[in-house]
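Here's the structure, in structure tokens; my notes come after.
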Amino acid sequence: MAANWTRVSFFFLALVMTVAILAPSVVSGGNGFSDLKIRTHLKRLNKPALKSIKSPDGDIIDCVPITDQPAFAHPLLINHTVQMWPSFNPESVFSESKVSSKTKNQQSNSIKQLWHVNGKCPVNTIPIRRTTRQDLYRANSVENYGMKNQKSIPKPKSSEPPNVLTQNGHQHAIMYVEDGIFYGAKAKINVWKPDVEMPNEFSLAQIWVLGGNFNSDLNSIEAGWQVSPQLYGDNRTRLFTYWTSDAYQGTGCYNHLCSGFVQINREIAMGGSISPLSNYGNSQYDITILIWKDPKEGHWWLQFGEKYIIGYWPASLFSYLSESASMIEWGGEVVNSQSEEGQHTTTQMGSGRFAEEGWGKASYFKNVQVVDGSNELRNPENLQVFTDQENCYNVKSGNGGSWGSYFYYGGPVAVMVTAAIFAICVDGNEFLDHREIKEFRHLKRFNKPTVKSIKSEDGDVIDCVPITNQPAFDHPLLKNHTIQMRPSFYPVSDSTYTKREAKAITQYALMGVRNGKFYGTEATINLWKPNVQILKEFSLAQTWVVSGNGSSLNTIEAGWQVHDKLGIPSFHSHGLNYSTSSLFRLARDGYRKTGCYNLLCSGFVQTSNRYTVGGSITTISRYRGTQYDLSILYMEGNWWLRVNEKDVIGYWPGSLFSSLGRETTRVEWGGEIINSRTGGRHTTTDMGSGHFADEGFKKASYFRNLKIVDGTNTLREPQGLYLFADKHNCYNIKTGNGGTSWGTYFFYGGPGRNVKCP
């Protein structure tokens, strides 16, 4: 699949800045937003606070008087008298609000929401997460902000399980009990941070308390944890509630985003982030959720853990649930936003592992109970399990011991155990065997079994390989590696070395910064199609992230190149990533034995299904014509690679490196060519556009917007830059920083053979 780079140089950054400034107006016009409507809605949600607390996660928690909370704007609650405590609790033995399950990895941490670090709310107030303009801009409309889609409810009673690809992409893996009279439900819910691929998708684990008809007048009360970038603007795991009295058609919402739920607790913020979280193969954490109906007042109460009685949903909000529930469900739900295209998201449910993996790996619900007619907690009878599509997310139940009734659930979707399962989950097609490769063992190691193969117009064959079968995991350091599907953060803006000794001469024209501690780099690289004279030569433009020296040199590299020796014809520019790294076959060895281009050895872990490293780039700059750019960003920890503004390609695991395990000491940007001609002669291979730096815009090639990631994970312009070119008569470099949208930049390159270059 050819990568399609379409951004025009020079004007691109100015265009991005303009869009960023005008985005609210543009969104307003498209979705019916207006400044007046937004201000009115924010005023309705954000009540005057006695105190406001800034949370380390970026939330602002407003301490609002109990009697002023949004609940009382509901027409049925205008004269409602707040019930400050339930008249009855179901008989139960509670554990701490959030502690590790009783194992050798036990922890004894009570629940902590991050905002607690900076204060607490006064008596007779409740904490409410402040809604911002940005929150509303992410919604489909102001009116629908904070509301679930009608298709979000699992319907296990259907004679034929619903096709998830026709239900707006909502998918479930649950345990349930039906056709009864229930007055509440309880469970301990394992807490994770699943990867959510798209901003308009979510992943959650919750309890549903249900009554009524699924199609029109369903009553539902829900509580649990969720990761929802569209709702909260981040990927944190957050405590939430939800309710509806009409099958999600017009009533109800999350947390306090509409009137209805009455909170009495001043310590827990609905929608606030929670910690600690479970880790694969390590400590496991769970939260206890109890929902029950007060037999005296009739309200549905929510209790979180042992000591936090959060509040209640007044009985007057409901029709069927004003008496009792007829069905209880426990489990996970995700949204697949790509269902209409017949694709499947990589968004994880639970831990991102299938149920069969069990304790410490798969996510669980345990101590699943219902409240019966005598207002006692008991183990439910006739429990059943349901999943929309078992190849994507599944469920495995059990009963016994201190866990009582329990189940494991979840799945990784695109990160499947076998290629066959992956293919079925994506499009229902049978697994397609990779074309037979019998001639070379080496080819068999590189060419993994594929779900689908695509013939590119440039002659390449692109194999769609299950993410867990990629060459990276042949590396001995990555045998038990858990794939990280998304970086944990994105940076926000605010001595040259030579490769291995050889007969061929490597020549550079570059800019660099050294003797610091850097955690990544970003640059926008002008795209050209340089002429490469001889098969074993190449021409490239890239960024280097470097640490160490000599035989212990660690380096990570990414950019574009023309390289006939890799089977890349000279009339194509190709994306590349190159790494040399740590230990075993990928040692800190200065290009001696470790590392490779693209996926030609184990090491680089690709997570994107949109781009092929080594794939051709079709939009190339023309002399005095349209200019095209490629934007590259590295990020530390696992060293992530991002191209353009949003396309995260994958990462080099930190375990591969020695001196690059955490940070880098040198960053360089520029061009490189190979001159294979000896005896004082010089190749005609071009660097960049094939024109000298002095010719400037639309003629010479450039790097612009050079930035490094500092110790606060912020992108900033580098200081103390140096320039280097091996032979100024062959290839040269010219820098500038005029305070324009280009930031720090330089022109570079040359035609190789010319009258001044021997």
Side-chain angles (χ1 to χ4, degrees), residues 24 38-39 41-66 68-71 97-98 109-122 125-139 142 145-147 191-194 196 199-206 223-242 253-258 261 263-277 285 287 302 304-305 308 310-311 486 488-492 712-714:
I38 288 173
R39 286 197 301 271
H41 202 67
L42 289 176
K43 187 175 181 179
R44 185 182 306 131
L45 294 179
N46 297 327
K47 303 298 183 181
L50 295 183
K51 179 180 179 181
S52 293
I53 301 169
K54 181 67 179 292
S55 175
D57 58 13
D59 289 350
I60 296 178
I61 305 300
D62 289 330
C63 301
V64 176
I66 288 180
D68 292 344
Q69 63 183 290
S97 63
K98 184 173 187 296
N109 303 41
S110 296
I111 176 65
K112 295 293 182 185
Q113 291 192 307
L114 291 179
W115 64 276
H116 292 164
V117 174
N118 293 329
K120 292 185 178 181
C121 282
T125 67
I126 62 166
I128 299 180
R129 181 181 181 272
R130 184 182 298 178
T131 301
T132 66
R133 282 178 171 266
Q134 288 69 32
D135 292 333
L136 296 182
Y137 290 145
R138 290 191 303 271
V142 171
Y145 174 64
M147 298 179 67
V191 183
W192 291 82
K193 183 184 177 183
V196 175
N200 60 339
E201 297 175 347
F202 65 68
S203 181
L204 60 77
Q206 68 172 50
W225 61 259
Q226 70 177 163
V227 175
S228 179
Q230 186 174 46
L231 187 61
Y232 302 107
D234 60 25
N235 288 81
R236 293 184 180 275
T237 303
R238 295 174 177 272
L239 182 68
F240 82 94
T241 61
Y242 198 92
C253 62
Y254 284 107
N255 310 323
H256 292 289
L257 298 180
C258 68
F261 182 74
Q263 183 161 342
I264 63 168
N265 184 281
R266 68 185 179 101
E267 297 183 68
I268 302 298
M270 304 314 303
S273 58
I274 55 179
S275 64
L277 304 175
Y285 296 90
I287 58 175
L302 171 66
F304 179 56
Y308 298 113
I310 306 299
R486 280 286 182 275
S488 58
F489 71 89
Y490 292 94
V492 294
T712 63
N713 297 319
T714 301

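Residues: numbered from 1 along the sequence shown.
With rounding to the nearest 0.5 Å, the separation of CG in Leu136 from CD1 in Ile38 is 6.0 Å. To the nearest 0.5 Å, atoms CE (Met147) and CG (Leu231) are separated by 12.5 Å. Rounding to the nearest 0.5 Å places CG of Leu302 at 9.5 Å from CG of Asn265. Note: Cys258 SG to His41 NE2 = 9.0 Å, rounded to the nearest 0.5 Å.
Listed by chain and number, the residues in a side-chain hydrogen bond (donor to acceptor under 3.5 Å, both in side chains) with Gln230 amount to none (sequence neighbours excluded). For Trp225, there are no side-chain hydrogen bond (donor to acceptor under 3.5 Å, both in side chains) partners, not counting sequence neighbours. Residues satisfying the salt bridge (charged side-chain N to carboxylate O under 4.0 Å, His left out) test with Arg130, not counting sequence neighbours, are Asp62. In this structure Tyr232 satisfies the ring-ring contact (aromatic ring centres under 6.0 Å, His included) test with no other residue, sequence neighbours excluded. For the side-chain hydrogen bond (donor to acceptor under 3.5 Å, both in side chains) test, residues two or more places apart in sequence or in another chain that qualify with Gln206 are Lys148, Glu222. With sequence neighbours excluded, no residue forms a side-chain hydrogen bond (donor to acceptor under 3.5 Å, both in side chains) with Arg39. Every residue two or more places apart in sequence or in another chain that forms a ring-ring contact (aromatic ring centres under 6.0 Å, His included) with Phe240 is listed here: Tyr254. Contacts of Gln69 classified as side chain to side chain contact (heavy atoms under 4.5 Å, CB included), with partners at least two apart in sequence or in another chain: Ile66, Ala71, Phe72, Ile126, Ile128, His256, Val262, Gln263. With sequence neighbours excluded, the residues that form a side chain to side chain contact (heavy atoms under 4.5 Å, CB included) with Pro56 are Leu114, Val117, Asn118.
Inter-residue side-chain proximity for Cys63 and Ile53 is flagged as met; some heavy-atom pair is nearer than 4.5 Å. Between Thr241 and Asn255 the shortest side-chain heavy-atom distance falls below 4.5 Å. Using a 4.5 Å cut-off on side-chain heavy atoms (C-beta onward), Leu50 and Pro65 make contact.
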**OP:** Check step by step if side chain to side chain contact (heavy atoms under 4.5 Å, CB included) holds for Gln113 and Ile274.
**Re:** CA-CA 5 Å; Gln113 291 192 307; Ile274 55 179; 4.1 Å; yes
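Between Asp135 and Thr131, the shortest heavy-atom contact is OD2-CA, 3.6 Å. In terms of heavy atoms, Tyr285 sits closest to Pro276 at CE2-CG, 3.4 Å. Contact between Thr237 and Val227 at its shortest, heavy atoms only, is OG1-CG2, 3.7 Å. Residue Ser55 comes nearest to Trp115 through the heavy atom pair OG-N, 3.3 Å, listed as atom of the first residue, atom of the second, then distance. For the pair Ser273 and Arg236, the tightest heavy-atom approach, listed with the atom from each and the gap, is CB-CD, 4.0 Å.
Applying the salt bridge (Lys or Arg N to Asp or Glu O under 4.0 Å) test to pairs two or more places apart or on separate chains, those with a residue in residues 45-60 are Asp59-Arg129, Asp59-Arg238.
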